[in-house]
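These notes are about the structure you will find just below.
In what follows, every chain begins at residue 1, and chains take the letters A, B, ... in the order their sequences are listed.
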2 protein chains.
Amino acid sequence: MSNHARLRTGDQTLVREINLSVIMRRLLEHTSLSRASLAEVTGLNKSTVSSLVQELIDMSFVHETGLSFTGVGRPSMMLGLNPRAGYIVSCELGVDFISVLCANFGGEVVWRVKENTAGIQGRDEIMHHVLTLLRQAVDIGATRCPGSGGLLGVAVGVPGLIEQATGTLLFAPNLQWRDVPLRDIVSAEFGGVPVFVDNEANMAALGETLFGAAKGYNEVLYISAGVGVGGAVVRNGQLVRGTTGFASEFGHMTIDPDGALCNCGNRGCWETLVSQSAVIRLTRQAISAGRSSVLEALAGGDLNNLSIPLIVQAAVQQDAVALSVLEAAGRNLGIGIASLINAFNPDLVVLGGILSLAGQWLLPTVRAEVGWRALRWNAEATEILLAQHGFDACAMGGVATLLQAIVLEPGRYHPQNYL
Amino acid sequence: MSNHARLRTGDQTLVREINLSVIMRRLLEHTSLSRASLAEVTGLNKSTVSSLVQELIDMSFVHETGLSFTGVGRPSMMLGLNPRAGYIVSCELGVDFISVLCANFGGEVVWRVKENTAGIQGRDEIMHHVLTLLRQAVDIGATRCPGSGGLLGVAVGVPGLIEQATGTLLFAPNLQWRDVPLRDIVSAEFGGVPVFVDNEANMAALGETLFGAAKGYNEVLYISAGVGVGGAVVRNGQLVRGTTGFASEFGHMTIDPDGALCNCGNRGCWETLVSQSAVIRLTRQAISAGRSSVLEALAGGDLNNLSIPLIVQAAVQQDAVALSVLEAAGRNLGIGIASLINAFNPDLVVLGGILSLAGQWLLPTVRAEVGWRALRWNAEATEILLAQHGFDACAMGGVATLLQAIVLEPGRYHPQNYL
DNA sequence: AATTAGTTGGTTGGCACAACAAACAAAGAG
DNA sequence: CTCTTTGTTTGTTGTGCCAACCAACTAATT
């Protein structure tokens, strides 16, 4: 309404784009449909559907998968998204690792690699590694996904603030990077191929929406508790970014105004209570205070070895310290989630990140806390589930990002040989 | 994306609707434009603009306002929204008052009334009063806004949860009402006229976006601190409602997990710290604790008479108690707003409700608190302003709601004589 | 004469609609 | 059992409608 940007006007091109996208979306949902059923589902005329489908087949995004003989009448030619339309390369640039994978247009991963970068210093050196791995993935994609399209696009997920307009990494506190024009760098390397750069939580959230726990939900809150606490909101399949693209920084919501100092400068941020390091700190404190725990043995006597997987292992063994720490974390998670549920009224909250490994112990506490803290009407409308993608969440989200971009605007992402 | 509802497909009707709306939106923004400049601004062809404008003139939403002689060349016929297209009746159903106003299509208020309902008991009796006042407004509109269209629609704002699909008031804690089919009741009374029912904060926020402080902003957070704390989010001129329509209940965000019990059942809700009653309570406590204040005199010796206007009056006189209470309130407001800024990344936060009377004292503290608590990138992108509409915020928002509905879908709200 | 505003007549490119051809299952006749 | 008929469903073809576009035009002014 108040948008001073040029409002998109309507013309036949727009109509065509919309309808092409509608067909793609339906095929993504139902995986296999005939032209006739597409006409019924979309409300479009049969002839229109035929024309649209033909165009999508010509672009190789759709293919005929075979006849279906169901009951009387002429059998229907089933249609589906064409996994061989091309391949997608996606990358998570983590704090101490680089994870790259290659997937076909059906979202099936054909290759993956994860490289530790803890020893590597310097932005340029790391970027060099990233580009090398991407090149490798692209080459492998070319041989393992033969046929039509070639490379459709590249996605990069980063733990930092991204300026969407330019695909620039503005600031990544944990990497200590600033103002890196990631999109341009990667795009230049691969002949101008479409490149999507986004915050890791955003990508992971989109991944869960297309491939994971959030499939079919309309208003999804994704919360990733790991090194820090990241968040994302997906509304009707679209990421919600705010004006400048930095929305959903839930980790720095103030939960306790006089709480511990956060490295963002604020006090009592949510992530000082529920991040990985907070949980580990609580555990260490409990043990140092004299409470006995199997964790001492599990950590080999050195409490610096404590980690979420170890704590989970202890919880499995009914270790009292682990259980009480997880319960405290669950309560704190619940407090924040209740506030967010009141603010966003989502139909689903997805809990991701490394802490979700302990989901079995966290979820009941979170649900209980939300139950009494959130407004009844809101709490009743919301489910709370664990993320389905673990380590690959972000990289899979990159695939989802590209898939979604193509499904939304198939005409714009024509397969063409960029390399 | 994941929306399983029937996706809207494109056809010529859609194109026409879009373009009609684009024209209306441009005219709403710029108030006066020629066909030629509309063509330039929208990118549409001159002939197309002529055709669209003609259709809008036929519906009487647009009219020619006179020739403009600027420089050489044929003078242009200026166009604008036609204030005489019809009139709008809007109503705020408050806890102890009913406020009704009548405005023309230009948003100019031609009549208003506010009735105290503190003495009136019972839902039916109050609804009777509402309908009587609405009828009066409709009659007055008919005489004061003569000409073309007649009654365009009715808006009703309520302090409660509204189910948008049906226009039903599900629950209004302060009115103690449940399940009242407001839209049907009002629509039936006025011959099936379009009726919009919404939460008061939502309406007020939309009012500020169209007529007030938030004009021209893309992502607006509206916060109304009064009896409770209400909120709303307006993104690109559209209200954000969540899945079931209960989003933006910021008042019940947990700020202090072990804080005071809120009447929602939770502890330490934001509104236990920054609502009208919280501020008054703090003031009373300070005075009872022996701090001297001009408020004792202003309240006529009875601290039960304390009110926000009185506290503001005391602040004007540099009263220490009033100033310190307002500073505390500002800090608490800032704490919550900082969290919301991190979560929504708005370009504007609007502070409304009765507490905004003390804006002069609150704003500096709020801004300071936000400055150090919110993430730098987010804080820098956000302005914080006071609402421009005071008592009429909600009712004016109702006018805005209808105006917006018509601007978005002019074809759907053809003036027709409902009565 | 130059310039800007707005209209007119014709073209293009979408979708809807209805008739049609194609491909099958089921049922009955030989 | 084979062949034919019937009925059903799929998908295509040709026509008409409608909206925007384009180019040439008229209109009104400096």
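- Protein atom NZ of A/K46 is 12 Å distant from nucleotide atom C1' of C/dA22, rounded to whole Å.
- Using a 4.0 Å cut-off between charged nitrogen and carboxylate oxygen, B/E64 and B/R35 count as a salt-bridge pair.
- With the nearest nucleotide of DNA chain C identified for both A/V15 and A/F69, A/V15 has the one nearer the 5' end.
- One N or O on the side chain of A/N82 and one on the backbone of A/S60 form a donor-acceptor pair closer than 3.5 Å.
- In this structure, CG of B/L33 is placed 12 Å from P of C/dA5, rounded to the nearest angstrom.
- What separates CD of B/Q54 from C1' of C/dT7 is a distance of 12 Å, to the nearest Å.
- Atom P of nucleotide C/dA21 and atom CZ of A/R35 are separated by 20 Å, given to the nearest angstrom.
- Going from atom CE of B/M77 over to atom C1' of C/dA5 covers 11 Å, rounded to whole Å.
- Side-chain N/O atoms of A/Q12 and base N/O atoms of C/dG13 include a donor-acceptor pair closer than 3.5 Å.
- When each of A/G10 and A/P75 is assigned the nucleotide of DNA chain D bearing its nearest heavy atom, the one mapping closer to the 5' terminus is A/P75.
- Each of A/S51 and B/T48 lies near DNA chain D, and the nucleotide nearest A/S51 is the one positioned closer to the 5' end.
- If you measure from atom CG of A/D11 to atom P of C/dG13, you get 12 Å, rounded to the nearest angstrom.
- Two residues are said to be in side-chain contact when any heavy atoms from C-beta on lie closer than 4.5 Å; A/E208 and A/Q388 meet this criterion.
- With contacts defined as side-chain heavy-atom distances shorter than 4.5 Å, the pair A/Q164/A/I162 qualifies.
- Heavy atoms of B/S34 sit under 4.0 angstrom from primed sugar atoms or phosphate atoms, though from no base atom.
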For this session: Determine, step by step, whether A/Y217 and A/V234 satisfy the side-chain contact (heavy atoms from CB on, under 4.5 Å) criterion, reporting the C-alpha distance in whole Å, the side-chain angles of both residues, the deciding distance to 0.1 Å, and the verdict.
Result: CA-CA 9 Å; A/Y217 290 83; A/V234 184; over 6 Å; no
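- When the nearest nucleotides of DNA chain C are assigned to A/L67 and A/R16 by heavy-atom distance, the more 5′-ward of the two goes with A/R16.
- Dashed line: the shortest gap from a side-chain N or O of A/N19 to OP1 or OP2 of C/dC15 is under 4.0 Å.
- If you check every strand for non-hydrogen atoms under 4.0 Å, B/T9 touches nothing.
- With 3.5 Å as the limit, one finds a donor-acceptor pair spanning the side chains of A/S37 and A/S34.
- Remark: B/S47 is not in phosphate contact with C/dT7, judged by side-chain N or O atoms under 4.0 Å from OP1 or OP2.
- For DNA chain D, the span of nucleotides reached by chain B at under 4.0 Å from its heavy atoms goes, 5' to 3', from D/dC17 to D/dT30.
- Between A/R74 atom CZ and C/dA26 atom P the separation is 18 Å, expressed in whole Å.
- The separation between B/L38 atom CG and C/dT4 atom P is 18 Å, rounded to whole Å.
- With B/F105 as the partner, the ring pair (Phe, Tyr, Trp, His ring centres under 6.0 Å) test is satisfied by one option alone out of B/Y87, B/F61, B/Y413: B/F61.
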